[in-house]
Each structure stands twice: as structure tokens, then as C-alpha cells.
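Just so you know, ligand 1 is whichever comes first in the structure, and atom 1 is the first atom listed for that ligand.
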Amino acid sequence: MIEIRKLSLKYGEKLALQDISLDIPKHQVTAFIGPSGCGKTTLLRCLNRMNDLIDGVTVSGTIRIGGLDIHDPAMEITELRKRVGMVFQKSNPFPKTIYDNVAYGPRILGVRGQSTLNEIVERSLRAAALWNEVQDRLRSSALGLSGGQQQRLCIARAIAVEPEVLLMDEPCSALDPIATGKIEELMADLKQQYTIVIVTHNMQQAARVSDYTAFLYLGQLVEYDLTKQLFVKPSKKQTEDYITGRFG
Ligand SMILES: Nc1ncnc2c1ncn2[C@@H]1O[C@H](COP(=O)(O)OP(=O)(O)OP(=O)(O)O)[C@@H](O)[C@H]1O
């Protein structure tokens with residue numbers, strides 16, 4: 001589904017990712033783990049070219065998503081962002097109603113009919129396990145929701161445009177354990193339909209939610225394997241030291 005080949009990235013002169021090659025499978029959850037500063041977020045942001053927004057970034061290597069080279073000049077960035085949605089560490093709903101948050105992306109893509117929009121909003125909120133909690137207050141401000149609800153709203157907003165891939169950058173780091181549990185359950189449901197890539201500091205979370213795990217260290221991919229394999233029997237000493245808490 002996602003093929004990363006010989007990917008390197010520099011912020012100015014600083015090498016943040018070095019020669020990374022990795023295949024991320026369809027309809028699975030893949031976690032990026034590793035100590036602070038190892039490049040997890042940078043790698044995640046390469047997948048929808050979010051790093052393009054930062055001055056002085058140079059990228060080499062290729063990334064193909066569904067067979068298409070995302071750096072191809074013919075690839076429209078809006079098309080890429082439609083195919084590859086993102087949810088951030090801190091939920092960031094727009095200061096609009098719950099309905100308008102979810103309808104935002106489809107409207108930008110030209111969806112106009114009220115009944116079509118209603119359907120998309122309901123479907124997306126249901127898929128994000130939020131419908132039951134908000135169906136009677138769709139016209140209220142999204143900012144009145146709890147932190148966990150706001151994060152699920154951001155997930156609903158991301159899936160409203162029917163992406164193929166959902167990137168999640170530490171989506172639970174600002175949430176309490178109950179809200180975290182809900183998002184983790186949601187990931188298990190969403191992977192039936194979407195390919196999910198998650199960055200997490202929390203190794204227990206990676207072990208709980210992901211099918212595959214990539215361990216990064218100092219901008220390099222140290223080990224990538226089935227999560228069960230990587231956590232039970234890592235093949236590299238560095239991975240073992242990290243998952244057993246010897247550093248990081
Ligand atoms: N905008 C930027 N400009 C310059 N350097 C950056 C920028 N963003 C990240 N870096 C550097 O690139 C390296 C990788 O950062 P990145 O945020 O990808 O790591 P991370 O593994 O996600 O860390 P954390 O777990 O702390 O979020 C770090 O050394 C960081 O300081």
C-alpha cells in the first residue's frame with residue numbers, strides 16, 4: 001500500500017531521516033516508535049508531504065501510495081491530502097459547529113447537496129464512534145466537546161473525505177485513559193476500511209493497537225516487523241534495549 005524507498009530528509013543541514021525503506025500494508029495499523037527526536041513525526045509527515053510547508057527541508061528517495069509516486073509533479077497536493085488524512089497530537093477542531101467541522105472537507109471538494117452532506121456527516125460521526133453522543137447537538141460549537149470527543153471529531157473530519165490512509169500523530173497523548181481506550185478501540189474498527197499509521201511514545205499502546213511496528217533511532221529504521229514479533233523477540237539489540245526500557 002505505502003512503499004517508502006531510500007527516504008532521507010534534512011532540515012537545513014541536519015539529517016533527520018536516513019535511507020529509510022519500508023512497506024506499510026493496507027488495512028493494518030502500523031506504529032512508529034522510538035525515543036524523542038528519532039524522526040517518527042518527520043517520517044509520518046512525509047506521507048502527506050506536510051514537511052513541504054517547512055523552509056529548508058530537502059527530501060530524497062521515493063514514496064508510493066497505492067502505486068502513485070507522491071513526489072510526482074503531476075500529483076496535486078490537495079488530492080494527496082484527500083487520500084492521506086491526518087489527526088494531530090492535540091485535537092484541533094475548527095471554531096465552528098460539530099456539523100460544519102465534519103462537512104468542511106466534503107464542501108471544499110465540491111459536495112453541495114444538503115442530504116448528501118447530512119449523510120456524510122452522520123456516516124463519519126458514526127464511524128468515529130461519536131454519533132450517539134452528538135446527534136442532538138450537531139449545530140453546537142465543536143469547542144464545547146470534551147477533549148476525547150474533540151479528538152474523535154477530528155477523526156470524523158479526517159474520514160469524511162474518505163481517505164485511503166489515516167495518519168495519527170500521538171493521537172492520545174492529551175487524553176485520559178478512558179478517552180484513550182475509546183480511540184484505541186476505534187482504530188481497531190477503522191482499520192477494516194483505512195490503512196492506519198500511528199506515532200506513539202507509548203510502547204504499551206503500540207503493542208495493543210498495531211499489527212506492525214517500526215522502531216526508529218537517530219533517524220534510521222532499526223527494525224520493522226510484526227508487532228508481536230518485535231515486542232516478543234526483537235532481532236536487534238537496540239530494539240530490545242528500547243522496549244525493555246534501557247534507554248529512551
Ligand atoms: N521544523 C524543524 N526544523 C528543524 N529541525 C527539526 C524540525 N522538526 C524536527 N526537527 C528535528 O528533527 C529530528 C526528528 O524530529 P521528530 O519530531 O521527527 O522526532 P520524533 O521522534 O517525532 O520526536 P518526539 O517523539 O519528541 O515528537 C529532531 O532532532 C528534531 O529536533
Side-chain angles (χ1 to χ4, degrees), residues 2 4-22 24 29-63 65 70-71 77 80-81 84-92 147 151 154-155 158 165-175 177 179-180 183-184 187 195-210 212-225 227 230-231 234 236-248:
I2 304 177
I4 303 172
R5 290 291 175 276
K6 294 187 170 302
L7 182 75
S8 295
L9 181 144
K10 279 185 181 174
Y11 292 109
E13 288 305 305
K14 187 185 170 344
L15 194 57
L17 295 176
Q18 203 179 334
D19 204 23
I20 295 199
S21 295
L22 173 77
I24 296 176
V29 178
T30 298
F32 294 164
I33 63 165
S36 187
C38 69
K40 305 179 290 294
T41 296
T42 300
L43 180 58
L44 191 77
R45 291 164 58 99
C46 283
L47 303 180
N48 68 350
R49 291 183 47 191
M50 285 278 285
N51 296 313
D52 288 12
L53 305 171
I54 302 169
D55 281 345
V57 167
T58 44
V59 181
S60 62
T62 55
I63 301 177
I65 299 185
I70 68 164
H71 297 110
I77 203 84
L80 176 64
R81 304 259 164 84
V84 185
M86 188 152 185
V87 175
F88 298 85
Q89 191 164 353
K90 196 173 168 314
S91 61
N92 56 349
Q151 194 59 303
C154 292
I155 293 172
V165 180
L166 198 53
L167 308 177
M168 301 179 127
D169 190 359
E170 302 256 7
C172 304
S173 64
L175 304 180
T180 297
I183 303 266
E184 290 184 0
M187 277 187 240
T195 299
I196 299 180
V197 189
I198 175 176
V199 164
T200 179
H201 265 110
N202 180 328
M203 278 184 282
Q204 285 76 22
Q205 179 169 68
R208 280 194 300 269
V209 303
S210 71
Y212 288 83
T213 298
F215 169 59
L216 296 159
Y217 185 56
L218 298 176
Q220 290 180 308
L221 177 65
V222 175
E223 187 163 350
Y224 175 52
D225 211 330
T227 298
L230 190 135
F231 279 93
K236 300 270 169 57
K237 173 128 186 6
Q238 267 174 333
T239 316
E240 186 179 339
D241 287 349
Y242 181 68
I243 62 176
T244 53
R246 257 171 248 156
F247 73 96

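Remark: side-chain polar atoms of Gln151 are paired, donor with acceptor, to backbone N or O of Pro171 under 3.5 angstrom. No side-chain donor-acceptor contact under 3.5 Å links Arg49 to the backbone of Ile77. At least one donor-acceptor pair under 3.5 Å links the side chain of Thr227 to the backbone N or O of Tyr212.
Looking at Glu223 and Thr239, their side chains do bring a donor and an acceptor atom within 3.5 Å of each other. Between the side chains of Gln205 and Thr200, at least one donor-acceptor pair of N or O atoms lies under 3.5 Å.
If you look at ligand 1, the protein residues with a non-hydrogen atom under 4.0 Å away are Tyr11, Lys14, Ala16, Pro35, Ser36, Gly37, Cys38, Gly39, Lys40, Thr41, Thr42, Ile54, His201.
The shortest side-chain heavy-atom distance between Asn51 and Tyr11 falls under the 4.5 Å cut-off.
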